[in-house]
Amino acid sequence: MASLILLNGAQLAKQQTGALGIVCLRANYSSDAPRKLRTTNLAEMKRGTGGRSSFNGVVATVFGSTGFLGRYVCNKLGKTGSQVIIPYRADHYEALRLKLVGDLGQVLFTPYHLCDEESIYKAVKHSNVVINLVGRDWETKNFTFDDVHVQGARRLARISKQAGVEKFIHLSSLNCTPNPTPILTKEGSKFLKSKYYGELAVREEFPEAVIFRPADIYGQEDRFLRYYAHLWRRQFRGMPLWYKGERTVKQPVHCSDVAQGIVNAIKDSDSQNQVYQAVGPRRYKLSELVDWFHREMRKDADWWGYWRYDLRFDPTFMLKVKLTEFISPSFPVGDLHTERVEREYVTDDVKKGVKTLEDLGVNLTLMEDQVPWELRPFRAALYYDAELGEFEKPTPPQFIQ
């Protein structure tokens, strides 16, 4: 192509004389001259067969990409040929490993702050899709739940609308409500309350936004399985649960399923202004799940001495929670804090008539197929070289029909 330009430029220069010919040659040969685009519609710029080294016309800005779910979303976007813009704050090395989720030149980074509108606009101005995965499980001295889940979400939605973004996807939470039922605290879960008002804020600024309401998400480096596997969650070998966990029903979902649902929602033209409940295929009692987790970790009652009891009759556990918050307020040990314990006993309310991940074509993962592999690193006597068949296969949990 360069040789063709040079040839054309030389022929044009021959027809000219003196300095005018030299100017014409330089103008045609210059690599700095911008190439005029026939169209700015990204959908018409698609190239390739749709794989990692293609461009599928999607330019997605993923806020919260360095978090647990964000890494899976970026990976699925990159492997299908999307260009991914990753806003990050604090140390850039936390986001640097995401460079590998897409092909060369398809993953771009930009610093931002949730209160800096100029940096947010810079991150979204070239995108046709914006995904908001920003969230906090506990409040800090710098960011409250309202700052992140309500005001922050509103700011992202408003600026995305002003920048001409076509699709805005917002991650909320299952069970979000303006009036959460108090269990251990007087006000109930502040997290669920802020998520509810965050949805309203996003709808006000971006009415056609797509909202996902996930249940507890499990997977690599999650805060669900590892919360119960952590030794700080137990009282020695006892596991305190509200009413022994018998009154709480959970419907956990695998992180890969949620990420696939978000990617499918980008492609689905009917997803605008929709709400999707991101829940797993089966419902379980919390007591049954926690017992099963310990069987998988070979820490069950028969072999290790695990036992489960009623949290209501153990005030020392909540004292330990408060002490944990006081000692490490920025990052509680074992993810143990008052808000987490409060939200732990909220039963998952899956509303009828509201769409789920299956409506987006996602094949849901069974916990029985995935959790044993996730909990393998937490087994008792992990380095013990067991004989074949020495340990019986743990009994799977009973699910609610």
Heavy-atom count check: over 12 atoms from other residues, nucleotides or ligands less than 6.0 Å from [X] [atom1]?
X	atom1	value
Y93	OH	no
Q398	CD	no
K320	NZ	yes
K167	NZ	yes
R376	CZ	no
L104	CG	no
N363	CG	no
K244	NZ	no

Against D137, only a single residue in H337, R340, R223 fulfils side-chain hydrogen bond (donor to acceptor under 3.5 Å, both in side chains); can you say which?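 That would be R223.
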Have [X] and [Y] got a donor and an acceptor in their side chains that come within less than 3.5 Å?
X	Y	value
S82	Q106	no
T356	Q277	no
S271	K355	no
D314	T316	yes
N273	R203	yes
W232	T324	yes
S53	D103	yes
Y72	Q220	no
N264	Q260	yes

Quick one: closest heavy-atom pair of [X] and [Y], and the distance?
X	Y	value
A215	L174	CB-CD2, 3.8 Å
N56	V58	OD1-N, 3.0 Å
P332	P329	CD-O, 4.2 Å
S189	E342	N-CG, 3.9 Å
V124	I159	CG2-CG2, 4.1 Å
G102	R52	O-NH2, 2.8 Å

Tell me whether [X] is salt-bridged to [Y], with the criterion being a basic N under 4.0 Å from an acidic carboxylate O.
X	Y	result
K193	E187	no
E344	R233	yes
E374	R226	yes
D349	K351	yes
R71	E221	yes
K285	E246	yes
D348	R283	no
E205	R154	yes

Within 45° of the ring axis of [Y] and under 6.0 Å from its six-membered ring centre, is that where the NZ or CZ of [X] lies?
X	Y	value
R247	Y243	yes
K299	Y306	no
R237	W307	no
R136	F145	no

If you measure from [atom1] on [X] to [atom2] on [Y], what distance do you get to the nearest 0.5 Å?
X	Y	atom1	atom2	answer
L69	L133	CG	CG	5.5 Å
T80	K267	OG1	NZ	5.5 Å
N132	L114	CG	CG	8.0 Å
I85	I131	CD1	CD1	11.5 Å
L336	E325	CG	CD	8.0 Å
Y384	R298	OH	CZ	9.0 Å

Do V134 and V148 have side-chain heavy atoms sitting under 4.5 Å apart?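 The answer is yes, as the side chains (C-beta and beyond) meet within the 4.5 Å cut-off.
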Report yes if the side chains of V346 and T181 come closer than 4.5 Å at any heavy-atom pair, otherwise no.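 They are not in contact (no side-chain heavy atoms under 4.5 Å apart), so the answer is no.
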Hey, can you tell me if F109 and Y88 have their rings parallel, tilted or perpendicular (30° and 60° cut-offs)?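 F109 and Y88: perpendicular rings.
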Residue among F191, F143, Y197 satisfying ring-ring contact (aromatic ring centres under 6.0 Å, His included) with H149: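 It is F191, the one option of F191, F143, Y197 that forms the ring-ring contact (aromatic ring centres under 6.0 Å, His included) with H149.
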With sequence neighbours excluded, what pairs up with E118 under the side-chain contact (heavy atoms from CB on, under 4.5 Å) test?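 Expected list: D116.
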Report yes if the distance between the aromatic ring centroids of [X] and [Y] is under 6.0 Å, otherwise no.
X	Y	answer
H170	F206	no
Y276	F212	yes
Y112	F63	yes
H254	Y218	yes

Please lay out, stage by stage, how V249 and L286 fare under the test side chain to side chain contact (heavy atoms under 4.5 Å, CB included). CA-CA 6 Å; V249 178; L286 180 61; over 6 Å; no
Output all residues satisfying salt bridge (charged side-chain N to carboxylate O under 4.0 Å, His left out) with R158, sequence neighbours left out; order by chain, then residue number.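 R158 satisfies salt bridge (charged side-chain N to carboxylate O under 4.0 Å, His left out) with E117 once adjacent residues are dropped.
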Please lay out, stage by stage, how I400 and Y284 fare under the test side chain to side chain contact (heavy atoms under 4.5 Å, CB included). CA-CA 6 Å; I400 301 174; Y284 310 85; over 6 Å; no
For R379 and E296, what are the C-alpha separation, side-chain angles and deciding distance, and is it a salt bridge (Lys or Arg N to Asp or Glu O under 4.0 Å)? CA-CA 7 Å; R379 283 180 178 175; E296 290 291 345; 5.2 Å; no
How would you list, by chain and number, every residue that makes a ring-ring contact (aromatic ring centres under 6.0 Å, His included) with W292, sequence neighbours excluded?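 Partners of W292 under the ring-ring contact (aromatic ring centres under 6.0 Å, His included) test: none.
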